[in-house]
Amino acid sequence: MKFFVDTADLKEIEELNDLGLVDGVTTNPSLIMKSGGKILDVTKQICDIVKGPVSAEVTATDYDGMMKQAKVLAGIAENIAIKVPLTMDGLKACRALRAQGRMVNVTLCFSATQALLAAKAGATFISPFVGRVDDMADDGMEIVSEIRTIYDNYDFKTEILAASIRTVNHVKQAALIGADVATVPAKILKALYQHPLTDKGLESFLADWKKTGQTIA
Ligand code: E4P
C-alpha cells in the first residue's frame with residue numbers, strides 16, 4: 001500500500017519524505033488554508049519535494065470553472081493530480097481531464113456506488129472519506145471494502161485512496177482490505193512507528209549493553 005501524506009505543511013512533508021515514507025501528497029482547500037500560503041506557491045513547493053502524485057483541488061463547482069482551474073493547477077508541475085468533487089460536474093470534468101492525460105483524484109466519496117461512477121469516469125484515484133463516515137456512527141472502512149470488491153469484480157484500474165484517516169487502526173484496516181493508497185495525516189504516519197514494547201525493549205538492551213562496557217567500532 002502506498003502512503004500519501006494528507007497535509008500542505010511543507011515541514012511535515014519534508015520530514016516524512018526524508019524518511020522515505022511519502023509516495024504522494026493530498027491537499028484540499030482546508031489544508032491550504034491551514035498552511036497559510038497561496039495555493040499555487042504552496043503546491044509548487046510540495047511538488048519540488050515529492051515526485052509522486054500531488055493532489056490539488058479545484059474550488060469551482062461547475063464544469064467550465066473546474067476545467068479552467070484544472071488547467072492552472074496542472075501547469076504547476078507534471079505530478080499534479082487534479083482533485084474534483086464527486087458531483088455530476090466533477091465526474092464530467094474527471095472524464096475530460098483523463099482524456100487530456102491528466103491524473104484525477106475524485107474526492108468526497110461516501111458510498112460504493114459513488115465510487116463505481118468515478119471508476120466509470122476513468123478516475124485515477126477515488127477518495128472514500130473513512131473518518132467522516134465513522135463520525136456519523138457508520139462504518140467508513142466497510143465502504144472501502146465494498147469498493148475493493150466492486151473494482152475487482154470489473155477489473156477497474158482506479159486506485160482506492162483511503163482518505164480521512166484518523167487512527168493507526170484505519171491504516172491497518174485499509175491495508176488488510178487492499179486499498180491501493182492511504183492518505184494519512186503526518187501525526188498518524190509517525191504514530192505507526194510507536195509501540196511501548198519497542199521503547200521498553202530498546203531501553204533494556206541499551207542498559208545491558210552499557211554493563212558490558214563494549215563499543216562497536
Ligand atoms: C483527502 O484527500 C482529504 O484531504 C482528507 O483525507 C480529509 O480528511 P478529514 O476528514 O480529516 O478532513
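These numbers come from a predicted model, not from an experiment. Counting starts at 1 for both ligands and their atoms, following the listed order.
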If you count the atoms of ligand 1 from 1 in the order shown, which ones are under 4.0 Å from a heavy atom of [X]?
| X | value |
| --- | --- |
| Ala163 | 1 (C), 6 (O) |
| Thr26 | 2 (O) |
| Phe129 | 1 (C), 3 (C), 7 (C) |

Looking only at protein heavy atoms, which one is nearest to [atom], and what is the separation?
| atom | value |
| --- | --- |
| atom 4 (O) of ligand 1 | Asn28 ND2, 2.7 Å |
| atom 12 (O) of ligand 1 | Arg132 NH2, 2.8 Å |
| atom 5 (C) of ligand 1 | Asp6 OD2, 2.9 Å |

For the side chain of [X] and the backbone of [Y], is there at least one donor-acceptor N/O pair under 3.5 Å apart?
| X | Y | value |
| --- | --- | --- |
| Thr7 | Pro185 | no |
| Gln69 | Thr59 | yes |
| Asn79 | Val54 | no |

Give me each pair satisfying salt bridge (charged side-chain N to carboxylate O under 4.0 Å, His left out) with a member in residues 75-85, each pair once, sequence neighbours excluded. Glu57-Lys83
Any pair counted as salt bridge (charged side-chain N to carboxylate O under 4.0 Å, His left out), so long as it reaches residues 197-217, sequence neighbours left out: Asp208-Lys211
Polar atom proximity, [X] to ligand 1 (N or O, under 3.5 Å):
| X | value |
| --- | --- |
| Arg166 | yes |
| Asn105 | no |
| Ser164 | yes |
| Lys83 | yes |
| Ser127 | no |

Salt bridge present between [X] and [Y] (N-O < 4.0 angstrom):
| X | Y | value |
| --- | --- | --- |
| Arg148 | Asp180 | yes |
| Lys44 | Asp48 | yes |
| Asp134 | Arg132 | no |

